[in-house]
Peer 1: 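Please read through the structure below; I'll follow up with questions.
Below, all heavy atoms of this structure are taken into account, side chains as well, without hydrogens, waters or symmetry copies. Just follow the structure's listing: the first ligand is 1, and inside any ligand the first atom is 1.
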Amino acid sequence: MAACSVGLLTRLSLRVQRSQVQRPLRRLLSCPGTVAAGLRREEQSSGSAETGSEDRTPKKRFSEVQNERREQAQRTVLIHCPDKINEKKFLKFLSQHGPINSHFFYESFGLYAAVEFCQKESVTSLQNITRTPSLGPEAAIPFKSRYLNLKLRNSLNQTSELSSIQCSNQSSPSSKKLYQLLCCAESVDDQLNTLLREFQLTEENTRLRYLTCSLIEDVAAAYFPDCAVRPFGSSVNSFGKLGCDLDMFLDLDEIGKFTAQKTSGNFLMEFQVKNVPSERVATQKILSVIGECLDQFGPGCVGVQRILNARCPLVRFSHQASGFQCDLTTNNRIALKSSELLYMYGALDSRVRALVFSVRCWARAHSLTSSIPGAWITNFSLTMMVIFFLQRRSPPILPTLDYLKTLADAEDKCIIEGHNCTFVGDLNRIKPSRNTETLELLLKEFFEYFGNFAFNKNSINIRQGREQNKPESSPLHIQNPFETSLNVSKNVSQSQLQKFVDLARESAWILHQEGKDRPSPSSNQPWGLAALLLPSVANNMSLSKKKKKPASERIKNLLDSIKSSGAENSTATNGRRAISTQA
Ligand code: GTP
Ligand code: MG
């Protein structure tokens, strides 16, 4: 079974570190009537790479998780602390305002604490004793947020009681550490699961993402009371790597809905509103004022850019306290639905996330993806390719979107801007796959499959789970699952696609060769996934010989040799080189 050897990884210090980090958080998870217990359960099922497709623990709906985490974030404050602090006294001081459910510390240009109270009233009570600083010649713009600053009174008297705090880690491992972990792994499956565990968002990082949205919501609520700011994209779809951006959706749809449903009789009340020529103009106007507000008054929001003429208008900024790069959009409900769909797929079988993480890291390591927009393939497109590949296995590991639609009930019905976005929300109604292929085999076959895919004529379609004729001439065509006339990879150029194909072929070949002749752990040679994350031969060749040979003949020949009989040719592709997977 895919993940069966993961338990053997005990010699690595990883688990020890993780449990140390989470101890202070767990100690206080005891408030009655809070979501802590449920979230712990969810943390176990989504955060563990050890569960297989046979894991049948009841899983929560995406909307349930979102609502619970949002509510949890509303009971949480973010406090900038002095570098050294007496943790016990700090918590005692705060608990004068009510019981604390959980807390953790982290570093981001200073020490911060995220403290979750059991009740919202405690936050108000704490805010009521919090003052606006007087800054000497400068003037403060008063803003009563949940992002606070802790100062020590009589710090000289307290010095002896202060101590360093154990901080939760918010970043992915260094290349060196990753290299060591991968080389010590027991098998390629073990390597993929290790990569997942090291790169996936931690419980604390996830909380911080919801908290950041909640703090931004407080600012936006000054203009639009009852609005919601919801995270989407890789922060919530279970494919986020530590350090990924925070995509936020300003949801104004709920405003006025509740009251409208409640009215009865012959009269109907409507709000007086201003009209603008189109939805796009409305979106631009809303984001313009919110961007201005974040820039002028948003505590901790820096580098605010209003990118209003983009296809999807957005406000981009850095949230200093959390360290997140944030993209705020509105009128983008389909993207939220896409996040829900990916979350579903990620939760259906433990191999999905392990494979997606490895493919994303592989693509990043070879500069196939980039944080700068351009002709590169995106992580979203790569995820769709993995899902499609897993739908094509025999027996399939993942169901098609059309099948998920047939399982939907009335509650799942969802039409957004005329697009049918309906699919089942209850994960427990989907039967587990009978496929038992290992991650090693799947990774190798993923590269082989896409190394030979007829991109020139076929489109990737996760709705139907089969290849279709390309409706237009873009080099790469991946049908948008909900807006089916759109191509999510329209931006990808022919040369980037060719680079992807060359690298996929080379990686298939490396894994194939290794299956026959794996370097021994004592040889200190990078192997398996570690070898795949190294700068590539195909990459270097395509740089030097791009003009003469757009498709590397050598790689093609190698792949052919795999197919015909398993060539004995094992040239030195896995010599020692430096790993780079960092964004
Ligand atoms: P990261 O690279 O880790 O940020 O992955 P991501 O999934 O968050 O991607 P990104 O930040 O680029 O986009 C956020 C979300 O917007 C995605 O998860 C999708 O739901 C949606 N999205 C991104 N690109 C496209 C696209 O081309 N078409 C559509 N329909 N949705 C997209
Ligand atoms: Mg993102």
Side-chain angles (χ1 to χ4, degrees), residues 62 66 171-172 196 199-201 205-206 209 212-213 230-251 307 310-319 322 324-346 352-353 356-365 367-387 401 414 416-421 423 459-463 472 474 476-492 496 581-583:
F62 180 74
Q66 284 246 325
S171 53
S172 48
L196 171 60
F199 278 91
Q200 70 186 352
L201 303 184
N205 195 272
T206 301
R209 285 171 189 269
T212 306
C213 287
R230 306 182 194 282
F232 71 100
S234 56
S235 299
V236 297
N237 66 18
S238 80
F239 297 113
K241 278 197 318 188
L242 282 170
C244 69
D245 69 352
L246 172 54
D247 302 294
M248 301 174 171
F249 165 62
L250 173 65
D251 188 352
I307 308 170
R311 189 184 60 83
C312 182
L314 70 135
V315 175
R316 176 165 290 169
F317 59 96
S318 296
H319 190 256
S322 60
F324 297 133
Q325 176 72 31
C326 305
D327 278 351
L328 176 71
T329 54
T330 187
N331 195 15
N332 195 11
R333 192 164 281 280
I334 289 190
L336 196 62
K337 206 62 192 169
S338 306
S339 305
E340 178 176 353
L341 181 66
L342 296 196
Y343 166 87
M344 295 271 300
Y345 278 126
V352 181
R353 295 177 65 234
V356 169
F357 270 70
S358 297
V359 170
R360 283 184 171 205
C361 282
W362 167 84
R364 190 71 196 91
S367 307
L368 285 168
T369 51
S370 167
S371 50
I372 308 160
W376 296 275
I377 196 161
T378 61
N379 279 330
F380 183 59
S381 295
L382 286 171
T383 309
M384 304 283 278
M385 289 169 96
V386 176
I387 291 170
L401 178 52
C414 174
I416 303 172
E417 293 157 19
H419 302 287
N420 193 334
C421 304
F423 59 88
S459 159
I460 291 162
N461 179 325
I462 68 158
R463 182 161 275 283
E472 39 115 332
S474 305
L476 176 60
H477 193 280
I478 303 175
Q479 190 193 55
N480 183 318
F482 299 122
E483 294 167 278
T484 52
S485 63
L486 300 182
N487 171 12
V488 302
S489 52
K490 204 175 170 55
N491 61 311
V492 177
Q496 284 300 314
T581 54
Q582 306 300 308

Peer 1: Looking only at heavy atoms, which two atoms of D245 and S235 are closest? And how far apart?
Peer 2: O-OG, 3.4 Å
Peer 1: Return the minimal non-hydrogen interatomic distance between S318 and Q325, and the atom names on each side.
Peer 2: OG-OE1, 3.3 Å
Peer 1: Kindly indicate whether atom 24 (N) of ligand 1 is approached by any protein heavy atom to under 4.0 angstrom.
Peer 2: yes
Peer 1: Please could you name the atoms of ligand 1 that N379 approaches to less than 4.0 Å, counting only its heavy atoms?
Peer 2: 1 (P), 2 (O), 3 (O), 5 (O)
Peer 1: Shortest non-hydrogen contact from T383 to R360?
Peer 2: OG1-NH2, 3.0 Å
Peer 1: Can you confirm, on distance only, whether ligand 1 has an N/O atom lying under 3.5 Å from any N/O atom belonging to N480?
Peer 2: yes
Peer 1: Number the atoms of ligand 1 from 1 as they appear, then name those within less than 4.0 Å of a heavy atom of C244, with their elements.
Peer 2: 3 (O)
Peer 1: Looking at non-hydrogen atoms alone, which of F249, F380, F482, F232 comes nearest to atom 31 (N) of ligand 1?
Peer 2: F380
Peer 1: Which option wins on minimum heavy-atom distance to atom 10 (P) of ligand 1: N491, L382, D247, L341?
Peer 2: D247
Peer 1: Mind checking whether K490 has a heavy atom under 4.0 Å from ligand 1?
Peer 2: no
Peer 1: Output the list of atoms in ligand 1 that are nearer than 4.0 Å to some heavy atom of A335, sorted by atom number.
Peer 2: 20 (O)
Peer 1: Can you tell me how far OG of S339 sits from CG of D247, rounded to the nearest 0.5 angstrom?
Peer 2: 7.5 Å
Peer 1: For Y343 and V236, work out which heavy atoms get closest and say how close.
Peer 2: CD1-O, 3.8 Å
Peer 1: What is the nearest protein non-hydrogen atom to atom 27 (O) of ligand 1, stated with its residue, atom name and distance?
Peer 2: V488 O, 3.4 Å
Peer 1: Side chains of S489 and N487: any donor to acceptor distance under 3.5 Å?
Peer 2: yes
Peer 1: Which part of R360 is near ligand 1, with near meaning a heavy atom under 4.0 Å away: side chain, backbone, both or neither?
Peer 2: side chain
Peer 1: Evaluate the 4.0 Å heavy atom contact test for atom 3 (O) of ligand 1: does a protein atom fall under the cut-off?
Peer 2: yes
Peer 1: Between K490 and E472, is there a side-chain N and carboxylate O pair less than 4.0 Å apart?
Peer 2: yes
Peer 1: Please list the nearest protein heavy atom to atom 18 (O) of ligand 1 with its residue and the distance rounded to 0.1 Å.
Peer 2: G233 CA, 3.3 Å
Peer 1: In terms of side-chain heavy atoms, does H477 have a donor or acceptor partner in S474 at a distance below 3.5 Å?
Peer 2: no
Peer 1: Run the numbers for me: atoms of ligand 1, each under 4.0 Å from some heavy atom of S338, listed by number.
Peer 2: 20 (O)
Peer 1: What residue and heavy atom of the protein are closest to atom 1 (P) of ligand 1, and at what distance?
Peer 2: S234 OG, 3.4 Å
Peer 1: Does the shortest distance from the Mg ion (ligand 2) to an N/O/S atom of D247 fall below 2.8 Å?
Peer 2: yes
Peer 1: Look at the rings of F249 and F232 and say which category their plane angle falls in: under 30° parallel, 30 to 60° tilted, over 60° perpendicular.
Peer 2: perpendicular
Peer 1: Taking the N/O/S atoms of D245 one by one, which is nearest to the Mg ion (ligand 2)?
Peer 2: OD1
Peer 1: Would you please indicate if the ring centroids of F199 and F357 are separated by under 6.0 Å?
Peer 2: no
